[in-house]
Amino acid sequence: MFARLGSLFFFLVFVLPWVTMTAAFDYLAASNLVRQARTASWPSVQGTVIRSEVTSVRSNKSTNHGLKLAYTYSVDGQSHEGSTVQITESMSGDRGVAEEQMARYPVGASVPVYYQPEQPSEAVLKAGLDSSELFLFMLMTPFNLIAFWLGRAVVGSWKSEPPLLSTFAREDGSECVTLEGPWTAALVSLVLFGSAVVCFLLTAGTMGLDAPLPVGVGAWAVVIACGVYAGRWSRARERAGHYDLRLIARSRSLSLPPYLKRRHRLDVRWSDVLSLRVEPQLRKPPAKEVGSYQLTLEFSTGDGEVRQEAITSFYQQDKADALAHWLRKHLKVGEAVPEEQRSA
């Protein structure tokens, strides 16, 4: 009951505002993209620039600069005046960007004006898509990924609890448990997050938001390719049992998957296992609350030394206890280390 109330509070205070604002920006970006794409089919006439100057808007912490433009044109003998360069206009903190646009459209210059056939008073100087719309969606990628995981956390909290422990057998006769390693969805999200930020900085940061359309398409192709590769790589590791803890009855050995500092599998004979224990791990900082529960294995090595190895960690103690109970049942060890077993 309290868990449901907590998830409801989390949804109302954090998830709903974040998802709402993210969806609103996505809708605005998508609508601008569609409107800008439609301008590619608009007819054009020659117009004349009658005003071109840099305008600045100051706030408490920064100053943004933009181009204030006006131009005249005539359609079917009727004069019109426009002020839009393209549908997706924006201001920049760099005054040089606005000055470059002003130099591109000096007063008195003759420029092609693209107008909407059904409403000639609506016109732009730049028709069709460029990379600015694609870069905007790329910039929104991290925010959309955060919204996705917030929503997933809320939905997961309302679902019925899965089994504490799910075991399965492999073809070699080993009994396995898949530990909570890097989830494929989490890995893909991290790769998409990082590649979107890097591609945005390398392309939009160096060539500008109005870079040619192939630049934006190429940047998105790199981001998508990185996400697909990460997903296929992670899924292949999962299918190969990379994250599986294995109990192999034939050789009477315990095989631990890579975890934290353990870069490769570790095989331990059942007879060498001394104990299993669940250890609470405190958060840092403030190191006052339990953040996770680590399952630790203690075993003897070939040279007679006693070694401790972390198997995995769980956020819920009952899951750690379930795995510990399953292992103790098969390995016939307890939490405490019997003195006679140490002597042996």
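Everything quoted here is computed from the prediction, not taken from an experiment.
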Chemist: Could you tell me if the side chain of Ser271 sits less than 4.5 Å from the side chain of Arg252, heavy atoms only?
Modeler: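 With C-beta onward as the side chain, the pair stays apart.
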Chemist: Tell me who clusters with Tyr27, hydrophobic residues only, linked when side chains sit under 4.5 Å apart either directly or through other members.
Modeler: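 Members other than Tyr27 - counting any ILVMFWY side chain reachable under 4.5 Å - there are none.
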Chemist: Can a salt bridge be assigned to the pair Arg307 and Glu309 using a cut-off of 4.0 Å between side-chain N and carboxylate O?
Modeler: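 A salt bridge is present here (some side-chain N lies under 4.0 Å from a carboxylate O).
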Chemist: Does a side-chain heavy-atom distance below 4.5 Å link Val191 with Trp233?
Modeler: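 Side-chain contact under 4.5 Å: no.
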Chemist: Apart from Val75 itself, which Ile, Leu, Val, Met, Phe, Trp or Tyr residues share its cluster (side-chain heavy atoms under 4.5 Å, direct or through members)?
Modeler: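 When side chains under 4.5 Å apart are linked, the cluster holding Val75 also contains Val45, Val49, Val54, Leu67, Leu69, Tyr71, Tyr73, Val85, Met102, Tyr105, Val111, Val113, Tyr115, Leu125.
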Chemist: Has the side chain of Tyr293 got a donor or acceptor atom that lies under 3.5 Å from a matching backbone atom of Asp321?
Modeler: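 Checked: no pair found.
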Chemist: Examine the side chains of Ser275 and Glu298 and answer whether a donor and an acceptor come within less than 3.5 Å of each other.
Modeler: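 Yes, Glu298 and Ser275 have a side-chain donor paired with an acceptor closer than 3.5 Å.
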Chemist: Would you say the side-chain atoms of Ser234 pair up with the backbone N or O of Gly231, donor to acceptor, closer than 3.5 Å?
Modeler: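 Between the backbone of Gly231 and the side chain of Ser234 there is no qualifying donor-acceptor contact (under 3.5 Å).
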Chemist: Kindly state each residue pair satisfying salt bridge (Lys or Arg N to Asp or Glu O under 4.0 Å) with at least one member in residues 130-145, sequence neighbours excluded.
Modeler: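 Qualifying pairs, neighbours excluded: Lys126-Asp130.
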Chemist: List the residues meeting side chain to side chain contact (heavy atoms under 4.5 Å, CB included) with Ser174, not counting sequence neighbours, and say none if there are none.
Modeler: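 Testing Ser174 for side chain to side chain contact (heavy atoms under 4.5 Å, CB included), a comparison that skips the adjacent residues, returns Arg170, Asp172, Cys176, Arg246, Ile248.
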Chemist: Tell me which pairs pass salt bridge (Lys or Arg N to Asp or Glu O under 4.0 Å) where either residue lies in residues 25-39, with sequence neighbours left out.
Modeler: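 Every pair satisfying salt bridge (Lys or Arg N to Asp or Glu O under 4.0 Å) with a residue in residues 25-39: there are none.
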Chemist: If I take atom CG from residue Leu139 and atom CZ from residue Phe25, how far apart are they, to the nearest 0.5 angstrom?
Modeler: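 Rounded to the nearest 0.5 Å, the CG-CZ separation comes out at 10.0 Å.
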Chemist: Would you list the pairs meeting salt bridge (Lys or Arg N to Asp or Glu O under 4.0 Å) in which at least one residue belongs to residues 68-84, sequence neighbours left out?
Modeler: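 The answer is none; no pair qualifies.
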